[in-house]
Protein chains: 2
Amino acid sequence: MKKGKRTTIYDIAAKLGITASSVSRALNNSNQVNEKTKELIMKTADELNYKRNILASNLRKGHSKTIGVVVPRINQNFFANVIAGIEEATYQKGYNLIICQSGESHDKEIQCVNTLINQDVDCIVISVSADGSDYQHLQNVIDHGIQLIQFDRVAEELETLKVINDNEQASYEAVSHLIESGYKRIALLEGPQNLSIFKQRKVGYLRALKAYNIGVIDELIVENAWTKELGAEGTRKLLSLPQPPDAIFASTSDFSALGVLEVANAMRIKVPAELGVCGYANESFSEITSPSITTIDQFSIYMGQTVANLYFQEKGNTDTATKPKIISIKPELIIRASTAKNGKS
Amino acid sequence: MKKGKRTTIYDIAAKLGITASSVSRALNNSNQVNEKTKELIMKTADELNYKRNILASNLRKGHSKTIGVVVPRINQNFFANVIAGIEEATYQKGYNLIICQSGESHDKEIQCVNTLINQDVDCIVISVSADGSDYQHLQNVIDHGIQLIQFDRVAEELETLKVINDNEQASYEAVSHLIESGYKRIALLEGPQNLSIFKQRKVGYLRALKAYNIGVIDELIVENAWTKELGAEGTRKLLSLPQPPDAIFASTSDFSALGVLEVANAMRIKVPAELGVCGYANESFSEITSPSITTIDQFSIYMGQTVANLYFQEKGNTDTATKPKIISIKPELIIRASTAKNGKS
DNA sequence: TTTGAAATTGCAATCGATTGCGTAATTTTT
DNA sequence: AAAAATTACGCAATCGATTGCAATTTCAAA
């Protein structure tokens, strides 16, 4: 077999003087075929370098053993980790992954989802992009009878399986930690509020302030500061205030926290003595900055595995109640140097 | 359409009292069908929320419009970037990506490749794992008439399309830079020599020493130091030598260089004054360590795009000569603080 | 009005594997 | 050894879309 057509079950059947049915059954290890014949078939299949045509198989079977994944960016630590986790768990079960990136564009996200529907994937796993709050395309997935699992950035109003982080609680703990470390005027760098994860983090921030009887100061809350650059910009404004904050919670990401660090450094403001900094996501770099950044670990790989397992688990379920299951993973506060106001950590 | 079957071209045909042939043609925008009918078909297709079944289509057409990618780890910056680049370029052309990770295991790599062959992918893009030097599985890909493109970590003996970095030259320039910066005893942390990329980097190192008339000192060359931990371990040994090096080229990765930095720090050896450090790969963290790390940028996203474009370009080619094309991308030395011996950068 | 070419549409086979149903072959049971 | 029960295998339809070829319709030129 060089350039020629690939071998099919018919080729094997012809060579052995039997039917394709038997070959198919043998290849699927059906017990409806004689052991001897089965062995013979296996052997010739091997000789002919036969490889099953999955397209045909899936078409007939009505499923694709393929899971589609849509994320804003593949090359972002958190998402890459989640995908790695999903891949690991699904590969063992013989499933394949089709990966798409929306690039934070709602339009491309819609395109991706439609492509995946076309591909006849058995399940679509998605973390929605930041712009857009119309989720017709996701409803469409459900209407097509395709399992939909949202993770991290989810459209809350949609009743689907979800795997999320307890953002509010994590945020609450982070801010509590800042307060208990002795910081008094704590600023918040927040992300786009149409994403629930950012909304929840803000709620956690507010809840912590309340719990410690600290008033909310509007000018310490900076909107839309979710990249390193925007974080830096927000920090410059904050630190130029008549009464600047003595801590900044970059609730959007460690990148944003990195921006904070750079600005503080440029302004010769000492972290953590004069300014406490807390990030989010435990990016690999956060432990090697100086000072290292206190942050929140989201167990991203585990999250991916959880998504995969959730799918397999629900797959077995006979449509009993179709209760939208939500799995919440508790993130962990990682305390490092950037919040050690009094030298203690 | 709720739980029911998905709509097919037959449903559309039935509703319109025509044949599936016409529907198919209309959907493929063939000029063999009347404009009016075409419009009508399009409209009803839309109304019925029709989505083409790609499996059936591909089965018939004999290709899958799918590209398989095998990398050691998805969640490693370099690979995530390459994949992002491939995705970007292929998505536009309506191709899908199936991603697998070998986890640096030769066995799993073989499995992955076979799965992809089964999946009937049109092309397999691979960066081989570190262990194993048997490439029968790759030959198998070729024998199945599937386009094979290797990138970065390639099996040189296999005549396939390749997209690589000019590792030797980059390495040569890095070491030259160290020498010109005033460092005299330059150590090398090298990676598994069965991977050509690491071999080439070593050659570049040796060539630079020779060019500047510096003798090779065997004890300054540390084998298999390609993780942060192994890099640190190697560094400890190097720095405990009677005559320790005054610079270390961590040719394997920035992670390894990070290990160097940490050990130097722990031993209170000043970088870059007493020890120059150069990494490889321009990981995002390399610019925010202190000091920031001189490293080599591999243009990973661009590399991915190049792989994709190479595929599309070759696809058109009628089997003229089947010359194995090799595209070499020139990496760029990024000079930062960790090699500024005399304060100059 | 007739004729011929061009434009549309239908028919039926095909891509490769799977599977329900029926029949033939084999084994087991009396 | 005959009847009953398995077991093994073949037949043919099916999954949904595509496409070469044939048939029909349309339209303009003669």
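Chain letters run A, B, ... following the sequence lines, proteins first and then strands; every chain starts at 1. We use all heavy atoms of the structure for the numbers below, so side chains are in, but hydrogens, waters and symmetry mates are not.
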Please report the distance, rounded to the nearest Å, between NE2 in B/His63 and P in D/dA17. 15 Å
For A/Leu59 and for B/Gln32, find the nucleotide of DNA chain D with the closest heavy atom, then tell me which residue's nucleotide is more 5'. A/Leu59
Of all the choices, C/dT18, D/dT19, C/dG16, which nucleotide is nearest to the side chain of A/Arg60 once you look at every atom? C/dT18
Looking at B/Tyr50, does any N or O in its side chain come under 4.0 Å of the phosphate oxygens OP1/OP2 on D/dA17? yes
Check the distance between C/dT19's C1' and A/Ile9's CD1 and give it to me in whole angstrom. 11 Å
Residue A/Arg25, side-chain heavy atoms: nucleotide from D/dC9, C/dG10, C/dT18 that is nearest: D/dC9
Side chain of B/Thr37 - closest among C/dT9, C/dT18, D/dC11: C/dT9
Check this one for me: any side-chain N or O of A/Ser22 less than 4.0 Å away from OP1 or OP2 of D/dG10? yes
Would you mind reading off the distance between A/Asn31 atom CG and D/dT6 atom C1', rounded to a whole angstrom? 12 Å
Toward the 5' end of DNA chain C, by each residue's nearest nucleotide, B/Ala56 or B/Lys38: B/Lys38
Between P on D/dA17 and CG on A/Asn58, what's the gap in Å once rounded to a whole number? 15 Å
Rounded to the nearest angstrom, tell me the gap between atom NZ in B/Lys51 and atom C1' in D/dA17. 17 Å
Quiz item: B/Ser21 side-chain donor-acceptor pair to C/dC11 base, under 3.5 Å: yes
Quick one: is B/Arg6 getting a side-chain N or O under 4.0 Å of the D/dC15 phosphate, OP1 or OP2? no
Rounded off to whole Å, could you give me the CG-to-P distance for the A/Asn29 and C/dA17 pair? 17 Å
Could you check which of C/dC11, C/dC21, D/dG16 has an atom nearest any side-chain atom of B/Thr19? C/dC11
Between P of D/dT24 and CG of B/Asn34, the distance in whole Å: 19 Å
Is it true that A/Gln305 and A/Asn309 share a donor-acceptor pair across their side chains at a distance under 3.5 Å? no
Does any part of the side chain of B/His137, heavy atoms only, come nearer than 4.5 Å to the side chain of B/His106, both counted from C-beta? yes
For A/Ile54, which contact category applies under a 4.0 Å heavy-atom criterion: base, sugar-phosphate, or nothing? nothing
Would A/Lys315 and A/Asp122 pass as an ion pair if we require N to O under 4.0 Å? no
Kindly point out which of D/dT19, C/dT18, D/dG10 is positioned nearest to the side chain of B/Ser24? D/dT19
Between A/Asn28 and C/dT18, does any side-chain N or O lie under 4.0 Å from OP1 or OP2? yes
In whole Å, what is the span from the CD atom of A/Gln119 to the P atom of D/dG16? 16 Å
Phosphate contact (D/dG16 OP1 or OP2) by B/Asn53 side-chain N/O below 4.0 Å: no
Within this structure, what is the CD1-CD1 distance for the pair B/Ile99 and A/Ile99, rounded to the nearest 0.5 Å? 5.5 Å
Salt bridge flag under 4.0 Å for residues B/Glu88 and A/Lys108: no
Checking A/Asn118 against A/Asn114: is there a side-chain donor and acceptor pair closer than 3.5 Å? no
For DNA chain D, whose closest nucleotide is more 5', that of A/Glu35 or that of A/Tyr10? A/Glu35
